[in-house]
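Mind looking over this structure? Questions follow.
The structure presented is a predicted model; accordingly, all values stated were derived computationally and were not measured.
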Amino acid sequence: MKRMFPYPLASAALFVLWLLLNQTLSPGHLLLGGVVALVGGHLFAALEPPKGRLRRLAPAFRLMALVAVDIVRSNIAVALIVLGFGRRDRKSGFVHIPLDLRQRYGLAILACIITSTPGTLWVSFDEASGKLTIHVLDLVEEGDWIRTIKGRYERLLLEICG
């Protein structure tokens with residue numbers, strides 16, 4: 001069974017996604033979704049992703065809550081900027097953040113968090129130096145962003161991923 005479905009959760013997710021995107025349960029789409037799921041699972045296996053492990057679950061829930069709150073707050077802040085409220089001397093810019101996090105899955109999660117938060121964008125990560133570069137729409141104080149990323153996100157990701 002493992003040879004047919006090397007990553008059963010990924011295959012199941014592809015199958016469900018196929019059906020949701022096509023909004024039908026017709027036999028043809030069930031068959032085609034099954035083929036997509038089967039091939040997608042094998043293609044994912046060909047990438048040979050490294051094994052990830054979740055060390056602690058409680059920090060993961062805290063991180064999800066923090067990210068949800070931050071995304072709502074950022075949506076409101078960006079909406080106010082777009083609508084022209086608040087101060088007029090806004091300055092966008094790049095922030096360079098030294099990271100201790102080196103685990104691939106942790107970095108991927110951090111990239112998703114930063115990019116999904118309105119007003120911020122993951123620009124690059126230098127593996128050799130551990131420097132993360134992000135772009136911020138409303139850059140008031142660079143130190144605040146460094147403390148936010150390291151203190152709120154990186155600290156919890158180090159607990160979660162190790």
Original post:
Do other residues, nucleotides or ligands put more than 12 heavy atoms under 6.0 Å from L9 CG?
Top reply: no
Original post:
How long is the gap from CG on L63 to CZ on R155, to the nearest 0.5 Å?
Top reply: 9.5 Å
Original post:
Is the side chain of T120 donor-acceptor paired with the backbone N or O of I114 at a distance under 3.5 Å, no angle test?
Top reply: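 Checked: pair present.
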Original post:
From I81 CD1 over to I76 CD1, what is the distance, rounded to the nearest 0.5 angstrom?
Top reply: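 Interatomic distance, I81 CD1 to I76 CD1, rounded to 0.5 Å: 12.5 Å.
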Original post:
Should F61 and I71 be counted in the same cluster of Ile, Leu, Val, Met, Phe, Trp and Tyr side chains packed under 4.5 Å apart?
Top reply: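 Result: yes, single cluster for both.
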Original post:
Linking I/L/V/M/F/W/Y whenever any side-chain heavy atoms sit under 4.5 Å apart, do L38 and W18 land together?
Top reply: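 Different hydrophobic clusters.
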Subject >> Same apolar cluster (I L V M F W Y, side chains within < 4.5 Å links), Y105/I113 >> reply: no
Original post:
So, the side chain of T115 versus the backbone of C112: is there a donor-acceptor pair under 3.5 Å, distance only?
Top reply: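 Checked: no pair found.
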Original post:
What distance do L156 atom CG and L101 atom CG have between them, rounded to the nearest 0.5 Å?
Top reply: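 The CG atom of L156 sits 11.5 Å away from the CG atom of L101.
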Original post:
Passes side-chain contact (heavy atoms from CB on, under 4.5 Å), V136 versus F94? Steps please.
Top reply: CA-CA 6 Å; V136 180; F94 294 93; over 6 Å; no
Original post:
Salt bridge check: are R152 and D70 linked by an N-O gap of less than 4.0 Å?
Top reply: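 Salt bridge flag = yes for D70 with R152.
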Original post:
With side chains defined as the heavy atoms from C-beta onward, is the minimum distance between H29 and L25 less than 4.5 Å?
Top reply: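 They are not in contact (no side-chain heavy atoms under 4.5 Å apart), so the answer is no.
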Original post:
So, does Q103 use its side chain to make a donor-acceptor pair with the main chain of G106 at under 3.5 Å?
Top reply: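 Such a contact is found between Q103 side chain and G106 backbone.
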Original post:
Under 3.5 Å, side chain of H42 to main-chain N/O of M4, donor-acceptor pair present?
Top reply: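 Here the side-chain-to-backbone pair exists.
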Original post:
Could E159 and R62 be called an ion pair, given the rule that one side-chain N must be under 4.0 Å from one carboxylate O?
Top reply: yes
Original post:
Is it true that M64 and Y153 fall in one hydrophobic cluster, defined by side-chain heavy atoms closer than 4.5 Å?
Top reply: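 Yes.
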Original post:
Do S74 and T117 come close enough that some side-chain heavy atom pair is under 4.5 Å?
Top reply: yes
Original post:
Roughly how far, to the nearest 0.5 Å, is the NE2 atom of H96 from the OG1 atom of T133?
Top reply: 5.0 Å
**OP:** Grab the two heavy atoms, one from G41 and one from Y7, that are nearest each other, plus how far apart they are.
**Re:** O-CD1, 4.1 Å
Subject >> Option among L110, I97, L121 that satisfies the side chain to side chain contact (heavy atoms under 4.5 Å, CB included) test with I134 >> reply: I97
**OP:** Hey, could you give me the CD/CG distance between E154 and L132, rounded to the nearest 0.5 Å?
**Re:** 9.0 Å
Subject >> Under 3.5 Å donor-acceptor, K150 side chain and P98 backbone >> reply: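 It does hold such a pair.
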Original post:
Do you know which two heavy atoms are closest between G33 and F15, and how far apart they sit?
Top reply: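 That would be C-CD1, 3.3 Å.
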**OP:** Drop me the distance from R102's CZ to C161's SG, to the nearest 0.5 angstrom.
**Re:** 14.0 Å
Subject >> Single-linkage hydrophobic cluster I149~L137, side-chain heavy atoms < 4.5 angstrom >> reply: no
